[in-house]
Amino acid sequence: MKVKWTKLGMVFFLLLSFVMTCCFIWQYRLPKAKPVDKSYAKEVKEEKMCPRFPEPVPLEHPIPVLMEALDKVDALLRTSIDATKLPAISVIVILNDSVLWNGNFGRRNGSDPTSPPINEYTIYRIASLSKVFPTLMLYKLWEDGKVGSLDDPLGKYVKNFTIKNPLGKIRDHDLKSTTDGMSREAQVHISSVTLRRMASQLSGLPRRLRATTLLWKGNTQAAVDLLQDDVLVADPGTKCHYSNLAFSLLAHVMAEKVAGMDYQQWVSENILKPLGMEDTGFEITSQIEKRMAIGVYSSGHPAPLYDLGWYKPSGQMYSTPADMAKLVMMLLGAYYHPFLQPDTLKTMLTPLFHCENSYFAEQTGTPWEVNEQLGYDIIRKDGVLDGYSASVSLVPRLKLGLVTLMAGTKPEDEDLVAKVYSSLIPAMESAFRDAPHVLIPTPDPVPYIGYFTYSNITFYEINADTDGMLSVEQFGPQVDTMVPMKYRILKLSYLQDRVFRVVFEKEYPCQLKVNAASVSLESQDGQLFNFYIFNKKGLSPGFDVPGLNTYKVTRIPRKPIFSG
């Protein structure tokens, strides 16, 4: 059965080509094609606006919508202070490489009305935020080539490490042959406790060593010996299970077996000093204690400042809001003194595993607890230790970070961090969408200006303004009828030799609905135009858009004339 070009068929053909050629390439059928009824234009509906995740761009302050959001954050934290249960809260909001807002509420000693107010240099215990530092150590040793793979088994670095794994499924590559005294071969399951799993609560290791508390004063060899008759609580890599043991063992093994020094010494020399975190450390001396916000239980009684012994890497450290802000800037890749390469940071900030509903986070990472909020992954590490609560979190897509340090018991009925983000995220989105985009003109626009076609059915015109800024317009009878003008012309921002990036200067509908079908514009934002090497006339003969699988868009000598 042959298909005739009816109006409906023409629309279907247009929609199909719209998707295949980046939604700004519309197909045109040469002669005898009937013009599309203009009534279809009325059925183009604008729905949800994009970009869904606006690109972080430089902002000029003050920004009213952001100021309003920060006022809400101020009010939330101010009303959360409780002289008995929660006498001190310090919060810093970080945007890329700058402190956007700093709020300090309460006093250093909540039970003493003459006690001085806290500030960004007040010292708090940061509890399990300490786990960020063994993770940074692992990634740095891996980046420097001292650790072969993040997925190396722990047994590679601790030769006598063994632990029973009755829940594990024995696989061919996990088997090795051993010979006992009777010369009989037996198959032994090699533990899949890897370095990355230890840093992401996926190792299956128990929360603590058997018969120990967090105050245990043993050493790494004693810890390994205790594990030989212990049992994994989950097959590694299959379940999220919180383990202080995993982080402490990882830290001590990496320091002693790989770096060849004490863990605390390595962290001080390689992380704290280079980042200028002068008020962060492990040992709480009398001088440090004088600068600390006094931690209290919910009863108001002061909490002891006990030493965690061998478990120090999992929760011993102290810091200030100002120092933790430096750490957040580094994790966002914006600090003036980088610690890890950009690709390594991306790996470290990537969620690894979806946890069961019984776990307190949706996903786990190294060492993060990851939850989705308003469509964004909140990369977060929380900590609680007698008298103190702490949280450090990032929204990488928005280059946004948050440090929250508390002396006292955090509210049980509300998540202050999530509430802060419920105000900040919409405000940041609005600010970025309203901010002017940074567009880069090409050094010489002449080689790119002209008319182009895709298989003689799709057409573009590329022009340049007086500053050399390129723009591309798709055109043709169907495009003119079906696509609103503001979505037909797009800017091409220069990246490098002959490569440009598509930029929508203003908000646009995520999808254009045409009749009963829809096409995505969101997928086209940020696509790359790769122009061909210039010919003898100094002109580019065409371009590709590889992200949309569109190739061989070729130059034509003049603008085509379309017949009715």
Side-chain angles (χ1 to χ4, degrees), residues 77 87-94 97-110 115-137 140 251 262-296 302-308 312-332 334-339 367 381-394 401-408:
L77 299 174
I89 304 176
S90 291
V91 171
I92 291 185
V93 179
I94 299 100
D97 61 350
S98 303
V99 171
L100 188 62
W101 182 82
N102 178 24
N104 297 281
F105 309 90
R107 297 181 177 278
R108 196 183 72 82
N109 184 351
S115 176
I118 58 171
N119 57 41
E120 61 269 32
Y121 303 108
T122 299
I123 293 176
Y124 296 80
R125 297 199 83 166
I126 61 172
S128 283
L129 271 60
S130 303
K131 292 180 174 68
V132 173
F133 295 89
T135 309
L136 288 171
M137 180 185 195
K140 185 62 175 175
D262 175 74
Y263 170 70
Q264 293 175 215
Q265 179 187 355
W266 192 95
V267 170
S268 177
E269 292 180 2
N270 292 275
I271 301 177
L272 303 182
K273 288 182 181 178
L275 295 184
M277 299 177 69
E278 300 175 355
D279 295 321
T280 303
F282 294 86
E283 304 301 332
I284 301 176
T285 65
S286 58
Q287 292 299 314
I288 294 297
E289 189 173 351
K290 290 177 182 179
R291 295 179 53 197
M292 293 183 72
I294 296 177
V296 296
L305 297 173
Y306 48 73
D307 185 279
L308 297 190
K312 282 180 180 177
S314 292
Q316 172 73 18
M317 296 180 74
Y318 63 81
S319 189
T320 65
D323 271 9
M324 294 304 292
K326 297 173 184 177
L327 180 69
V328 169
M329 292 178 195
M330 183 276 291
L331 291 168
L332 289 172
Y335 198 53
Y336 75 94
H337 193 295
F339 177 71
K381 187 75 195 84
D382 289 2
V384 176
L385 190 66
D386 293 44
Y388 295 90
S389 296
S391 177
V392 63
S393 55
L394 306 93
L402 183 66
V403 174
T404 307
L405 304 182
M406 293 178 272

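The structure displayed is predicted, hence computed values, not measured ones.
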Full working for side-chain contact (heavy atoms from CB on, under 4.5 Å) between N270 and M137: CA-CA 9 Å; N270 292 275; M137 180 185 195; over 6 Å; no
What heavy-atom pair brings [X] and [Y] nearest, and what distance separates the two atoms?
X	Y	result
S90	I118	OG-CD1, 3.3 Å
A251	P313	CB-CB, 3.5 Å
S130	M317	OG-N, 3.0 Å
Y124	A88	OH-CB, 4.0 Å
A390	L405	CB-CD2, 3.7 Å
S319	D323	OG-CB, 3.4 Å

Is a side-chain N or O of [X] found less than 3.5 angstrom from the main chain of [Y], in a donor-acceptor match?
X	Y	result
T122	A293	no
R108	I294	no
Y388	G295	yes
K326	G276	yes

Less than 4.5 Å apart, any side-chain heavy atom of [X] and any of [Y]?
X	Y	value
E120	N104	yes
D382	V384	no
Q316	L385	no
K140	W266	yes
L136	L331	yes
F282	Y263	yes
R125	D386	no
V132	P367	yes

To the nearest 0.5 Å, what is the distance between [atom1] on [X] and [atom2] on [Y]?
X	Y	atom1	atom2	answer
I94	L394	CD1	CG	8.0 Å
K381	S391	NZ	OG	9.0 Å
I284	D307	CD1	CG	8.0 Å
L275	Y335	CG	OH	6.0 Å

Is the closest side-chain donor-acceptor distance between E283 and Q264 under 3.5 Å? yes
For Y318 and L305, run side-chain contact (heavy atoms from CB on, under 4.5 Å): C-alpha distance rounded to whole Å, both residues' side-chain angles, the deciding distance at 0.1 Å, then the answer. CA-CA 11 Å; Y318 63 81; L305 297 173; over 6 Å; no
Check against side-chain contact (heavy atoms from CB on, under 4.5 Å), D279 and R291: CA-CA 10 Å; D279 295 321; R291 295 179 53 197; 3.0 Å; yes
Is Y121 atom OH crowded by more than 12 heavy atoms from other residues, nucleotides or ligands, each under 6.0 Å away? no
Could you list all the salt bridge (Lys or Arg N to Asp or Glu O under 4.0 Å) pairs where at least one residue sits in residues 126-137, not counting sequence neighbours? none
M324 vs I92, test: side-chain contact (heavy atoms from CB on, under 4.5 Å). Steps then yes/no. CA-CA 9 Å; M324 294 304 292; I92 291 185; over 6 Å; no
Which residues pass the side chain to side chain donor-acceptor pair (under 3.5 Å) test with E278, sequence neighbours left out? none
